[in-house]
Amino acid sequence: MHPKTPVGPLNRPHRMDLQAQLKAAIGQAITTIYGETVTDITLQPTKKEFEGLYTFVTFPLTKALRKSPVEIGQTIGQWLQENTDVVSRFNVVQGFLNLSVADSVWTDLLTALRTETPAPAHRGSVMVEFSSPNTNKPLHLGHLRNNFLGESVSRILEANGFDVVRACIVNDRGIHICKSMLAYQKFGQLPDGTWETPESAGLKGDHLIGKYYVLFDKAYKAEIEQLVTEGVDKEKAEKQAPLILEAQAMLRRWEQGDAETVALWKQMNEWVYAGFDATYRKIGTHFDKTYYESQTYLLGKEVVEEGLQKGVFYRKDDNSVWIDLTAEGLDQKLVLRSDGTSVYITQDLGTTDLKFNDFKNDRSIWVVGNEQDYHFQVLFSIMRRLGRPYAEGCYHLSYGMVDLPSGKMKSREGTVVDADDLVSTVTEAARTAADEATKGKVDEFTADEQDILFQMVGLGALKYFLLKVDAQKRMLFNPAESVDVHGHTGPFIQYTYARTRSIMRKAAEQGLAIPAELPAVSFHPSEQQLLFLLSQYTQRVAEAGDDYAPSYIAQYAYELAKTFNQFYADVSILNEPDARMLTVRLALTDLVGQTIKKAMGLLGIEVPEKM
RNA sequence: GCAUUCGUAGCUCAAUUGGAUAGAGCACCUGACUACGGAUCAGGAGGUUUGGGGUUCGAAUCCCUACGAGUGCACCA
């Protein structure tokens, strides 16, 4: 919190923090005029249709001061104008006091924003778990939303002073992998007697394994159908089909460590991981730590034991172990089966302990879809009941499903959008868009440079499309809109960045330099708007960190780009005859470019020098 | 049925966390010194914020209720 500081030319809050300056001034005005102390003064940006930058709402003061909202506004406004050098003008509309800021303050602000980049205070460490793929099929659109969110939140937290451990828990065991393995055993041999590999098939490893998963499903369905025509009812048929029995048998062999089964499992997983790695590299994410469920699925039983001793859990007559969470508004929940084997939550209890023991993080975040909201409520409640000191630092970053215009994505119906295919599609769309742009700079690029650019722009479009929406909301993925480069899109922001860079290059060619201390000028409204947005960057990053919300940053980056383009249309930069004005506008342009780059960086989106 | 999330322009999303006449983009019209980069900008049209109550000086936001949608309610993961 900012200490109460006298307002005046000699001593006032930091010049970078315009809001704090104004708040302090208003606080002092109220104290001086009315003899009252108001602790939380809130300001809001002034609506566009009124003159002013920040608005102070006086309605809440009417009771304490026993004056009309208008009178309070007039009095405070008058005082601020006369007694501070921050407020240059003011107007009052009902209970709204609109304050305009003096040019000198703007100059100070721009200077400070350009020269002072305070590093965030160290806030501790956090683990962000995301992606969490299954090893039986390639990544799809849903994973992309998850990955982009996880990567972006990681970067936002780093910007807020956290050390981040990116963690991935791979679901590499279970019946679904056995299905792929079994199909491979049955159908993987080629006519020449050799066995199919990613190389011989010309497929990424994850896609090859996905292919066999589909083959299993087809053959399995055929068996069910056959049984049904023989008069078996469907439910029974699903359980009796030879293929599913074989897959279950294979899972048992795997659990017993059967050499041949484990060897096949390892081989197939290697292929899958190679495929995943390629995708992760392409979309620009990596993990500091990967946990494999094959190594963690037996964890958690000692936690159950501990819970029983502490009386947090109880054992039923049939030997199963439960926890009663009705006091928290939840249900009774099974934590260990009657045969002593684990359920999903048992494993998570163990894995959570493992994660905190491994890295001693202050916080831990799970980026997992909202169908698991209840699971995480239960998990965190149990951790609190067990007295885990880290329980309060646990957070489920829950996100909504991605729908297609045709409806839900369903792997069984083949409506899943494949991640690799999608990346290729958006990259090609960027190429097409560049062809259509009348004044793009891609002609200056080599073929390789173009490939890099189109991937950057395509991924920019895709990432921005998925990140601009509030994570918790279910969203509609419209393929046509996701590759759009106009309007509220990633490429629009990338374009704006390229524009700022183009101007800065030209300025450098002309030998124009920007001095550390900027000359005094009078600011155009669109310049004030830009400066205002620039001054809010740090705060928006902090809010995005507090709420784990990349969408805040996405919205901000768009606003900034849009405002810059307005500014660009309103005034001349390099053609400005007044040298002082030109200098200030260059400084603004430069700062906008840097800020766009930083903001997009927090989203995991790169920006090009030219496009 | 119970729990939970959500419902804003034709469509996709915002709304500084309770503030002014609810804002952007797409789509649709109209315009911008052959351009400091037109992948841009300006303007027009488009709304009973699902309906109905309540709290408040003030509600898209908080409470209640009805309707509609998603998700979860396995000794699956």
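Letters go in sequence order (proteins before strands), and every chain restarts at 1. Computed over heavy atoms, backbone and side chain alike; hydrogens, waters and symmetry mates excluded.
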Separation between the [atom1] atoms of [N] and [M], rounded to whole Å:
{"N": "B:U4", "M": "B:C63", "atom1": "P", "result": "12 Å"}
{"N": "B:G25", "M": "B:A14", "atom1": "P", "result": "16 Å"}
{"N": "B:C11", "M": "B:U5", "atom1": "P", "result": "25 Å"}
{"N": "B:G54", "M": "B:U71", "atom1": "C1'", "result": "30 Å"}
{"N": "B:G18", "M": "B:A60", "atom1": "P", "result": "13 Å"}
{"N": "B:G47", "M": "B:U8", "atom1": "C1'", "result": "8 Å"}
{"N": "B:U49", "M": "B:A9", "atom1": "C1'", "result": "10 Å"}
{"N": "B:C28", "M": "B:C62", "atom1": "P", "result": "36 Å"}

Tell me what [X] touches on the nucleic acid: a base, only sugar-phosphate, or nothing, going by heavy atoms under 4.0 Å.
{"X": "A:V571", "answer": "base"}
{"X": "A:D403", "answer": "nothing"}
{"X": "A:V343", "answer": "sugar-phosphate"}
{"X": "A:D547", "answer": "base"}
{"X": "A:P60", "answer": "base"}
{"X": "A:G174", "answer": "nothing"}
{"X": "A:Y344", "answer": "base"}
{"X": "A:E609", "answer": "base"}

side-chain hydrogen bond (donor to acceptor under 3.5 Å, both in side chains), paired with A:R173, selected from A:Q295, A:E293, A:E255 |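 The single option meeting the side-chain hydrogen bond (donor to acceptor under 3.5 Å, both in side chains) with A:R173 is A:E255.
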Determine whether the side chains of A:Y495 and A:N565 contain a donor N or O and an acceptor N or O closer than 3.5 Å.
->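 No, because no side-chain N or O of A:Y495 sits under 3.5 Å from a partner of the opposite role on A:N565.
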For A:T589 and A:T500, does a side-chain donor sit closer than 3.5 Å to a side-chain acceptor?
->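 There is no such pair between these side chains.
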Under 4.0 angstrom between [X] side-chain N/O and [N] OP1 or OP2:
{"X": "A:T438", "N": "B:A39", "result": "yes"}
{"X": "A:K562", "N": "B:G25", "result": "yes"}
{"X": "A:K408", "N": "B:U71", "result": "yes"}

Which of these nucleotides, [options], is closest to any side-chain atom of [X]?
{"X": "A:R337", "options": "B:A20, B:G38, B:A77", "answer": "B:A77"}
{"X": "A:F50", "options": "B:A39, B:C41, B:A20", "answer": "B:A20"}
{"X": "A:D331", "options": "B:C41, B:C73, B:G37", "answer": "B:C73"}

Among A:Y395, A:F380, A:Y399, A:Y548, which residue meets the ring-ring contact (aromatic ring centres under 6.0 Å, His included) test with A:W366?
->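 Among A:Y395, A:F380, A:Y399, A:Y548, the one meeting ring-ring contact (aromatic ring centres under 6.0 Å, His included) with A:W366 is A:F380.
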How would nucleotides 6-16 of chain B be written as a contact map, 5' to 3', with B for base contact, S for sugar-phosphate-only contact and - for no contact, using protein heavy atoms under 4.0 Å?
-> SS----SSS-B
For A:F59 and B:G19, is the gap between ring centres under 5.5 Å while the planes differ by less than 30°?
->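 Taking the rule of under 5.5 Å and under 30°, the ring of A:F59 does stack on B:G19.
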Under the 5.5 Å and 30° test, is A:Y495 stacked on the base of B:G37?
->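 Ring-base stacking flag not set for A:Y495 and B:G37.
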Pair assignment for RNA chain B - dot-bracket with | for other-strand partners, Watson-Crick or G-U under 3.5 Å = (((((((..((((.....[...)))).(((((.......))))).....(((((..]....))))))))))))....
Matching residue for A:D403 among A:K410, A:K473, A:R474 - test: salt bridge (Lys or Arg N to Asp or Glu O under 4.0 Å) =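 Testing A:D403 for a salt bridge (Lys or Arg N to Asp or Glu O under 4.0 Å) against A:K410, A:K473, A:R474 leaves exactly one candidate, A:R474.
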Hey, are A:K610 and A:E449 close enough for a salt bridge, meaning a charged N less than 4.0 Å from a carboxylate O?
->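 No, this pair does not count.
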Hey, is B:U17 sitting syn or anti, using the within-90° cutoff around 0?
->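 It is syn.
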Validate the cation-pi geometry between A:R499 and A:Y568: distance from NZ or CZ to the six-membered ring centre under 6.0 Å, angle to the ring axis within 45°.
->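 Yes, a cation-pi geometry holds between A:R499 and A:Y568.
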